[in-house]
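Remarks on the structure that follows.
Note that the numbering runs from 1 along the sequence shown for the chain.
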Amino acid sequence: MAYYKSEIVQTHHAILIGVGSHEMVNEKPLHGALADIEAVAAILDPRPYVKVTKLGIGSDGTISGQEPTWRNIRGLFRAITREDFQSPTTHVYIHFSGHGSRGSSGQDHTLLAIYDDWIPTTGLSGYLDRLIRKGIHVTLVLDCCFSGAVHRDQGDGGVRFLEYDPDFASNAVDSFQDGDTWSGAVQDDFRGAVLAADGFNTLDPKACTIITACDSHEQATERKKKDGTYMGVLTCCLVWALEDLMKKGTQIEDKSLIRHLRYQVQKAQKAHQRQTPMLYGSSENNFFTELISGSGSGIVSDFHEDGTITLDAGKAHGVHVGDEYDAVPFYAAEPADRVTSMHSVRLRVEEVDNLTSRLSRIGTSIAPIPFASTWKATLAVLSSSNKIHIHLQSSIPEADRRALLQQQGRYPYLCLDESDHHAAPNDFSVALDPQTDTYVINDATGQRVPGIPKILGRDRDALQNLSKVLGHLAKFNFFKDMDSQQADEDLELAFTVSTTQRRGEDGWYEVPHRGDWTATCVNKSDCAHLYISVFEFGSCWSIENILGRDGEFWTLSPAEERDLTLEMKLLDRDKEEEDMTIKIYVTTKPTSFQGMTLPKLDQIISGKGDSETQASNPLDKMEKWAVHCFRFRIRAG
C-alpha cells in the first residue's frame with residue numbers, strides 16, 4: 001500500500017545534533033559524530049509519523065541538514081517551545097553526538113560543544129521543561145563525556161571530551177538559558193548524580209527519558225567499524241539494536257533495550273575501559289515505544305561470553321546453585337507468552353558469585369546458542385531452602401487446593417502445603433471464610449495480613465487471583481528477609497551509613513507522617529567507586545527503587561559523602577501507623593536490582609502491574625556487595 005508521507009500526522013519529532021568539528025577549535029575532531037546522526041536518521045526517517053531535523057557537521061566540515069550553530073539550535077528550540085506554537089507532536093527525541101565538557105571553576109554543569117559555542121545542559125533543561133509542560137514526552141540521548149575527570153586520558157582521540165575553553169564560548173552559556181528557560185538551581189544534595197548535577201533534576205521523571213553514554217566518572221568513546229568508519233559506541237549499539245528488532249518484527253520492553261545496550265556497550269570496549277550507559281527518568285512511553293515496546297513481562301537479561309553463559313545476577317540478587325531459568329534471544333517478543341513459536345533454552349545455575357552467576361544448558365535437543373549474543377531469562381525454578389511456606393487450610397475445598405498446588409509452579413518463591421503435619425514452619429496460612437465466602441490470609445502468629453485485596457470464593461477468577469496474591473507475598477517476603485550473611489567485610493568497612501536519629505529499643509525508627517529521615521552515605525575508599533541502590537519495602541506489599549526508575553543507582557566517588565533524605569508518609573490515612581523497611585545496597589560495580597521490584601499488591605489483581613519483573617547488569621572482575629537495613633514505623637500526626 002502506498003501513501004503520501006506529507007498527509008500523515010507527524011506525532012514524533014527527532015532532533016539529531018552531531019558535531020565532529022568546531023569553528024574555533026582545531027584539536028580533537030570526532031570522526032563518528034556525523035555518522036551517528038545519519039545512522040539514527042536512517043532508522044527514523046522511513047517512519048511516516050516521524051519528523052527528522054538534522055544539525056550536523058563532520059570532522060572534514062561536511063554539513064548535514066543545518067549547521068549545528070548556537071543560532072540554529074537555539075532558534076529551533078525556541079520555535080518548538082513557544083506557547084502559541086501548535087503541533088500534533090507527542091514525543092520529541094533529541095540525540096547529541098559530540099564532545100562534552102565541564103564548565104569553568106564554580107560551574108557544576110555539563111557543556112555540549114557545538115560548532116561555534118557551548119550549550120549548557122542547565123539551559124537545555126529549561127527548553128525540555130517547556131516541552132513537558134505542553135504534554136510532550138522527551139527522550140534525550142547524550143553520546144558524549146560528562147565528567148571533567150575524563151580529561152586525564154588525553155592520548156585517546158576517540159574520547160568524547162573537550163577541555164573547556166572560555167575564549168571559545170561567546171554568549172551561548174549565558175543566553176541559551178535566558179528568561180524563563182532556566183529551570184531552577186542545581187540541588188547540592190544530588191551532587192554526585194549526573195542527572196541532577198547537570199540541571200535535569202527539576203524535570204518530571206515520568207515525562208522524560210534520558211540516556212547518557214557513560215557514568216559520571218567514565219568516558220564516552222568512538223569505535224572503528226569493519227568498513228573503516230567511526231561511530232560513537234552508544235549510538236552504534238542503539239542503532240544495531242533497533243535494526244535487529246525491526247528486522248525481526250518483534251516488540252520488547254524498553255527496560256530490556258536498556259539492559260541490552262549496557263552489555264553491548266561494555267562488550268565493545270577495550271579491556272581497560274569501562275563505559276556504562278545510564279538511564280534516568282521513565283523507561284515507559286519514550287520515543288522508541290512504537291518501534292520496540294512490549295506490554296511488559298518478567299524478563300531478565302543474561303549473556304553468553306567465551307562459551308560460558310553468564311547471568312547478570314548473583315548472591316546479592318538471591319540467586320542459588322541449582323536455580324533454573326528459561327532463556328530466549330534478546331529480540332524475542334515480549335511479554336513471554338508471545339515467544340511460543342521460538343526456541344526456549346532451559347539453563348541451570350552451576351556457580352554463584354556475588355553479582356553474577358555461571359549457567360549451563362539443560363538438554364541437548366535445542367539448536368546451539370549463538371556466540372556472544374544477549375539473551376533474556378525468566379526464573380523458572382528456585383532451589384533455595386528459604387522459599388516462603390504458605391499453608392492451605394482444610395476450609396478450602398479439596399479441588400481448589402489441588403488447583404492452587406498445580407499453579408504454584410508459576411511462582412518460584414512460593415511453597416504451598418496442605419498437610420497439617422508440615423516439616424517446616426509456615427510463614428502464612430490461607431483459609432476460606434464460610435460466612436463471607438472470602439479468602440483470609442493470616443501471618444505466622446495467626447494475625448490477619450493487612451492490605452490484601454478482597455477475593456470471593458464464588459468469583460470466576462478467584463483461584464487465579466489468589467495464586468497471584470500468594471506468589472506476590474512470597475516474593476516480597478523472600479527479598480525482605482534476605483540478608484547479607486555472605487557480604488564482603490572489607491566493603492562494609494569501606495562504606496558507612498550514619499544517621500543522627502536514634503532507633504528505638506526494638507531496633508525500629510519511629511517517624512511521624514511527612515517527617516524526614518536522613519542518612520549520610522560515605523565512601524571511605526580513596527580509589528574505588530561504589531554503587532548505591534535504595535529500595536523501599538512498603539506497606540502495600542510493593543518493592544520500589546527510591547533513587548530512580550528501573551534499577552538505577554547512585555555512584556559514590558572515592559572519599560565522597562552524600563546525604564539521603566527520605567520523607568515518610570502514611571499511604572492509608574485511616575491507619576494510625578504503618579511499617580516500612582528501607583534497604584541500602586552497595587556494590588563495587590554497576591548492577592541492577594530491578595528483579596526485586598514489585599508493584600502494589602492491588603495492581604496485581606487489577607492487571608496494572610507485573611509481579612515477576614527481573615533485571616540485570618554488566619560483568620566485572622571485582623564483585624563485592626553489602627546491604628544495610630533500616631525498619632520504620634510511620635505514625636499519624
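- Of the residues listed (Asp400, Ile452, Asn465), the one engaging Tyr439 in a side-chain contact (heavy atoms from CB on, under 4.5 Å) is Asp400, and it is the only one.
- Put simply, the side chain of Leu470 does not reach to within 4.5 Å of the side chain of Tyr411, judged on heavy atoms.
- Looking at Cys521 and Leu556, their side chains come closer than 4.5 Å, going by heavy atoms from C-beta outward.
- Side-chain contact check for Val349 versus Tyr325: some heavy-atom pair is nearer than 4.5 Å.
- Under the 4.5 Å side-chain criterion, counting only non-hydrogen atoms from C-beta, Leu355 is in contact with His317.
- Across all their heavy atoms, Ile396 and Val430 have their closest contact at CD1-O, 3.6 Å.
- Using a 4.5 Å heavy-atom cutoff, the side chains of Ile390 and Ile441 are not in contact.
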Using the rule given for salt bridge (charged side-chain N to carboxylate O under 4.0 Å, His left out), can you reason through Asp433 versus Arg448, listing the C-alpha separation, both sets of side-chain angles and the distance that settles it, and then say yes or no? CA-CA 12 Å; Asp433 187 335; Arg448 188 161 182 169; 5.8 Å; no
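- Ring planes of Tyr509 and Phe630: tilted class, angle from 30 to 60°.
- Under the 6.0 Å cut-off for aromatic ring centres, Phe537 and Phe479 do not qualify, their centroids lying 6.0 Å or more apart.
- Atom NZ of Lys583 is separated from atom CZ of Phe593 by 10.5 Å, given to the nearest 0.5 angstrom.
- With hydrogens and angles ignored, the 3.5 Å screen pairs no side-chain donor or acceptor of Arg262 with any backbone N or O of Thr591.
- Checked by atom type and distance alone, the side chain of Trp541 never pairs as donor or acceptor with a backbone atom of Asp602 at under 3.5 Å.
- Side chain of Asp437 to main chain of Arg458: a donor-acceptor pair is present (N/O by atom type, distance under 3.5 Å, no hydrogens or angles).
- The line from NZ of Lys475 to CG of Leu598 is 5.0 Å long, rounded to the nearest 0.5 Å.
- Side-chain contact between Arg514 and Lys569 is present, with at least one heavy-atom pair separated by less than 4.5 Å.
- Looking only at distances, a side-chain donor or acceptor of His320 sits under 3.5 Å from a matching main-chain atom of Gly318.
- In terms of modelled atom types and a separation under 3.5 Å, the side chain of Gln501 and the main chain of Asp516 share a donor-acceptor contact.
- A heavy-atom distance below 4.5 Å is found between the side chains of Ile132 and Cys208.
- Formation of a donor-acceptor pair under 3.5 Å by the Asp417 side chain with backbone atoms of Ser419 is found in this model.
- Using modelled atom types, one side-chain atom of Asp323 and one backbone atom of Ser383 make a donor-acceptor pair closer than 3.5 Å.
- Side-chain contact check for Gln408 versus Leu392: every heavy-atom pair is 4.5 Å or farther apart.
- A donor-acceptor contact closer than 3.5 angstrom is absent between the side chains of Asp563 and Thr565.
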